2 protein chains.
Amino acid sequence: MPQQPPLACQSHDHQSCIDAAILAAGRICRERSVRLTPLRQQVLTLIWQSHKPLGAYAIMDMLAAATTRRIAPPTVYRALEFLLEHKLIHRINSLNAYIGCPEPENQHHSYFLICSDCGIATECPAKYLAPAIAKTAASAGFDIDDQSVEIIGRCPSCRKR
Amino acid sequence: MPQQPPLACQSHDHQSCIDAAILAAGRICRERSVRLTPLRQQVLTLIWQSHKPLGAYAIMDMLAAATTRRIAPPTVYRALEFLLEHKLIHRINSLNAYIGCPEPENQHHSYFLICSDCGIATECPAKYLAPAIAKTAASAGFDIDDQSVEIIGRCPSCRKR
DNA sequence: TCAAGTTATGTTATTGTATAACACTTTTTT
DNA sequence: AAAAAAGTGTTATACAATAACATAACTTGA
Ligand SMILES: [Zn+2]
Ligand SMILES: [Zn+2]
Ligand SMILES: [Zn+2]
Ligand SMILES: [Zn+2]
């Protein structure tokens, strides 16, 4: 089996990840006639500071630090809600945290590999998972609305150490 | 594909689900020389009152109602921790809720089908999912520690209506 | 059997996560 | 410009989980 360590686990030009995410968000919002307001863009940018899922309260603190005034939870949660709705970010249920979607323009389900060592979470290919989930649900007569797959373990980089 | 609606979604003799769970829990605890105290058994029984995942605070309220005195969170969380440790219950991350394991004596990963209509959650067969997850992780060079699969949708009973 | 050690539960306080309700401002529409 | 809609601010509160320490109950081994 060919091993393909996720980009996020390798050292890479991360600024281009951020730039691409902001550009894509702009395109999507323009296309859908919804507003990528300064606050929403700022939250998205904060989330994209790394490939590690970020909690709502961490985002709150970063916003407060950046603007030098208090930011209340609803402000953050509304921005998160918007970003989730347009699939610009995903929620990692097992961590109560949020992470940027690297391909918001391609509709897809998000399956995650999460390293418990370095904290990086990466979306993993649907190749095997999507059909397995479809078959599992079908065999039980279930209609799928949404799905959450979170695989916790150690990423290739952390395994080496 | 043969359709096999989960037992939990059909009308069935649920008392026998409860009895079986308590019996199995007793066997397991005896075998491992750990104590299924009255509190732990009571919490397990409450969780088994239905096939719907139950939140910690709901359990707290039910305990308080049953004993007519206040029960504090740690009391419940410690019981939950014990039951989780021995795999007598599972946690549903997307709901912050807990559900009984129907086969605690067979070691297995727990994959869930959750009906957003009636609230019932059922463990689904690992047949397709386990190898798909293994392949996905292997192809990314990940070492798996733990996994969480939660498929949200509509169960066969709710689809009919 | 009784003291010592261990395990379990009680209690109070606090931290972390998320939403409700209402006020105010900005943007869009007519 | 007025009305409507969308977004943000603010306060309060609900829900989820843990920390720290006190007390009670069981186990163990002289
Ligand atoms: Zn990057
Ligand atoms: Zn790692
Ligand atoms: Zn049943
Ligand atoms: Zn249902």
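The structure presented is a predicted model; accordingly, all values stated were derived computationally and were not measured. In the text below, chain A, chain B and the rest are named by the order of the sequence lines, each starting its count at 1. All values below come from the heavy atoms of this structure, side chains included, with hydrogens, waters and symmetry mates left out.
- Comparing Pro38(A) and Gly55(B) against DNA chain D, the residue whose closest nucleotide sits nearer the 5' end is Pro38(A).
- Aromatic ring centres of His12(B) and His51(B) lie closer together than 6.0 Å.
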Write out a two-atom table: protein N or O, nucleotide N or O from nucleotides 9-12 of chain D, distance below 3.5 Å.
residue, atom, partner, partner atom, Å
dG9(D), OP1, Arg69(A), NH2, 2.7
dG9(D), OP2, Thr75(A), OG1, 3.4
dG9(D), N7, Arg78(A), NH2, 2.6
dG9(D), O6, Arg78(A), NH1, 3.1

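- If you check dT8(D), dT18(D), dA8(C) against the side chain of Thr37(A), the one that comes closest is dT8(D).
- The phosphate of dA17(D) (OP1 or OP2) has a side-chain N or O of Tyr98(B) nearer than 4.0 angstrom.
- Here dC15(D) presents its P atom at 14 Å from CG of Leu54(B), a figure rounded to the nearest Å.
- Protein atom CD1 of Ile59(B) is 13 Å distant from nucleotide atom C1' of dA17(D), rounded to whole Å.
- Note: CG (Asn96(B)) to P (dG16(C)) measures 16 Å, nearest angstrom.
- Spacing between atom CZ of Arg40(B) and atom P of dA25(D) amounts to 15 Å, rounded to whole angstrom units.
- Rounding to the nearest 0.5 angstrom, the gap separating the OH atom in Tyr98(B) from the CG atom in Leu54(B) is 10.5 Å.
- Following rounding to the nearest Å, Gln41(B) (CD) and dA8(C) (P) show an atom-to-atom distance of 15 Å.
- With a 6.0 Å radius and a threshold of 12 heavy atoms from other residues, nucleotides or ligands, Gln107(A) has its CD atom at or below the threshold.
- In terms of phosphate contacts, Arg35(A) brings no side-chain nitrogen or oxygen within less than 4.0 Å of OP1 or OP2 of dT27(C).
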Show me the donor-acceptor pairs within less than 3.5 Å that the side chains of residues 68-87 of chain B make with the rest of the protein, sequence neighbours left out.
residue, atom, partner, partner atom, Å
His86(B), ND1, Arg32(B), NH1, 3.1

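- Pairing each heavy atom of Ile133(B) with each of Ile151(A), the nearest pair is CG2-CD1, 3.7 Å.
- Considering every non-hydrogen atom in both Ile144(B) and Ala134(B), the closest pair reads CD1-CA, 4.3 Å.
- In this structure, CG of Asn93(A) is placed 14 Å from P of dA16(D), rounded to the nearest angstrom.
- Atom CD of Glu81(B) is separated from atom P of dA8(C) by 11 Å (rounded to the nearest Å).
- Leu36(B) places its CG atom 10 Å from the P atom of dT9(C), with the value rounded to the nearest Å.
- Residue Tyr57(B) has no polar side-chain atom (N or O) positioned under 4.0 Å from OP1 or OP2 of dC15(D).
- The list of salt bridge (Lys or Arg N to Asp or Glu O under 4.0 Å) pairs with a residue in residues 48-63 of chain A, not counting sequence neighbours, is empty.
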